[in-house]
Amino acid sequence: MPLPHLPRPRVVRVRGRSMEPTLAEGDLLLTWWGRRARPGRIAVVRLPPDADGRPRPLSIKRVSRRDPAAPERWWIDSDNPREGVTSFEVGSLTDDDVLATAPARLWPRPRILTTRHTR
């Protein structure tokens with residue numbers, strides 16, 4: 001009998017400033033790969049290719065809400081309004097593009113990453 005699909009823990013490092021002030025470049029996060037997203041949570045996402053068709057790196061973003069026009073898809077935001085790619089630039093993402101959730105920062109100051117209230 002096959003085992004059920006279980007979320008897998010992994011440590012990831014934050015790159016860039018799009019999640020400031022919540023997260024800073026170099027922070028280490030505990031992530032759960034395969035865990036479903038929930039509104040307001042931080043997640044590892046796969047963004048669509050850029051305007052020239054080049055793939056983008058995996059990104060840390062806040063999953064804000066379901067897309068009102070396509071409820072099976074997610075809107076993503078950055079916590080820093082001056083930096084980062086959001087759904088306003090790339091559109092909403094599928095469940096398959098939300099790869100992992102990040103419940104905690106491990107370094108430099110360990111803490112639980114709380115849910116931000118979203119519309």
Side-chain angles (χ1 to χ4, degrees):
M1 176 192 280
L3 292 174
H5 175 70
L6 299 174
R8 298 171 316 281
R10 198 180 290 173
V11 175
V12 300
R13 183 178 303 273
V14 175
R15 300 275 185 229
R17 298 178 13 197
S18 73
M19 291 304 291
E20 290 177 351
T22 307
L23 300 170
E25 174 132 14
D27 285 359
L28 294 180
L29 306 181
L30 169 66
T31 60
W32 287 100
W33 292 72
R35 184 165 282 172
R36 292 197 180 273
R38 290 190 306 177
R41 298 290 178 150
I42 293 175
V44 178
V45 301
R46 180 184 320 124
L47 298 172
D50 68 16
D52 295 322
R54 292 183 301 252
R56 299 174 199 255
L58 295 182
S59 297
I60 305 291
K61 298 294 176 188
R62 189 167 301 273
V63 175
S64 60
R65 64 187 179 276
R66 288 291 188 173
D67 183 338
E72 70 282 2
R73 298 176 67 89
W74 290 101
W75 276 89
I76 50 113
D77 286 314
S78 61
D79 284 4
N80 182 347
R82 294 174 301 281
E83 297 272 339
V85 174
T86 71
S87 284
F88 288 103
E89 290 86 31
V90 299
S92 57
L93 303 180
T94 67
D95 279 328
D96 290 341
D97 290 325
V98 180
L99 305 173
T101 60
R105 179 176 58 204
L106 300 174
W107 186 87
R109 294 170 308 282
R111 73 176 178 100
I112 301 297
L113 297 173
T114 59
T115 301
R116 176 173 282 176
H117 175 70
T118 57
R119 291 184 259 145

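Here the structure is a predicted model, which is why all the values come from computation and not from measurement. Numbers for residues simply follow the sequence, beginning at 1.
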Inset, instruction - Search all heavy atoms of R105 against all heavy atoms of T22 and return the closest pair with its distance. - result: NH1-O, 3.6 Å
Inset, instruction - Say whether, by atom type as modelled, one donor and one acceptor occur between the side chain of D52 and the main chain of R54 under 3.5 angstrom. - result: no
Legend entry - No-hydrogen, no-angle side-chain donor-acceptor test under 3.5 Å, T115 and R41: yes
Inset, instruction - Measure the shortest side-chain to side-chain distance between P48 and L93 over non-hydrogen atoms and say whether it is less than 4.5 angstrom. - result: yes
Legend entry - Minimum-distance pair of heavy atoms, taken over all atoms of W75 and F88: CZ3-N, 3.6 Å
Inset, instruction - Flag yes if V85 and L99 sit in one hydrophobic cluster, no otherwise; membership is Ile, Leu, Val, Met, Phe, Trp, Tyr, and two members link when side-chain heavy atoms are under 4.5 Å apart. - result: no
Legend entry - Cluster link V11 to L29, ILVMFWY, side chain under 4.5 Å: no
Inset, instruction - Tell me yes or no: between the side chains of D77 and S64, is some donor less than 3.5 Å from an acceptor? - result: yes
Inset, instruction - Using a cut-off of 6.0 Å, state whether more than 12 heavy atoms not belonging to R66 lie near its atom CZ. - result: yes
Inset, instruction - Indicate whether the side chain of W107 and that of D27 have a donor and an acceptor atom separated by less than 3.5 Å. - result: no
Legend entry - Heavy atoms from other residues, nucleotides or ligands near CZ of R56 exceed 12 (cutoff 6.0 Å): yes
Legend entry - In one Ile/Leu/Val/Met/Phe/Trp/Tyr side-chain cluster, 4.5 Å: V90, I60: no
Inset, instruction - Please report the shortest heavy-atom distance between A69 and D67, naming the atom on each side. - result: N-OD1, 2.9 Å
Inset, instruction - Look at atom CZ of R111 and say whether more than 12 heavy atoms of other residues, nucleotides or ligands are closer to it than 6.0 Å. - result: yes
Inset, instruction - Return yes if some donor-acceptor pair links the side-chain N/O of T86 with the main-chain N/O of I76 below 3.5 Å, else return no. - result: no
Legend entry - hydrophobic_cluster_shared for V44 and L28, side chain cutoff 4.5 Å: no
Legend entry - Close side-chain approach of W74 to S87, heavy-atom, < 4.5 Å: no
Inset, instruction - Report yes if some heavy atom in the side chain of P9 is under 4.5 Å from a heavy atom in the side chain of L30; otherwise report no. - result: yes
Inset, instruction - Apply side-chain contact (heavy atoms from CB on, under 4.5 Å) to L113 and L23, showing your working. - result: CA-CA 9 Å; L113 297 173; L23 300 170; 3.9 Å; yes
Legend entry - Flag side-chain contact, heavy atom, 4.5 Å: R36 against D95: yes
Legend entry - Enclosure of W33 CH2 (heavy-atom neighbours >12, cutoff 6.0 Å): yes
Inset, instruction - Treat each ILVMFWY residue as a node, draw an edge where side-chain heavy atoms are under 4.5 Å apart, and state whether I42 and V63 are in one component. - result: no
Inset, instruction - Specify the closest pair of heavy atoms between T101 and A37, including all atoms of both residues, with the distance to one decimal. - result: CG2-CA, 4.1 Å
Legend entry - Shortest non-hydrogen contact between S78 and S18, atoms and distance: CB-O, 3.1 Å
Inset, instruction - Compare every heavy atom of G40 with every heavy atom of R62, then report the nearest pair and how far apart it is. - result: NH1-O, 2.6 Å
Legend entry - Gap between atom CD of E20 and atom CD of E25 - 0.5 Å precision: 8.5 Å
Legend entry - Lys NZ or Arg CZ of R8 over W32 ring: under 6.0 Å, within 45°: no
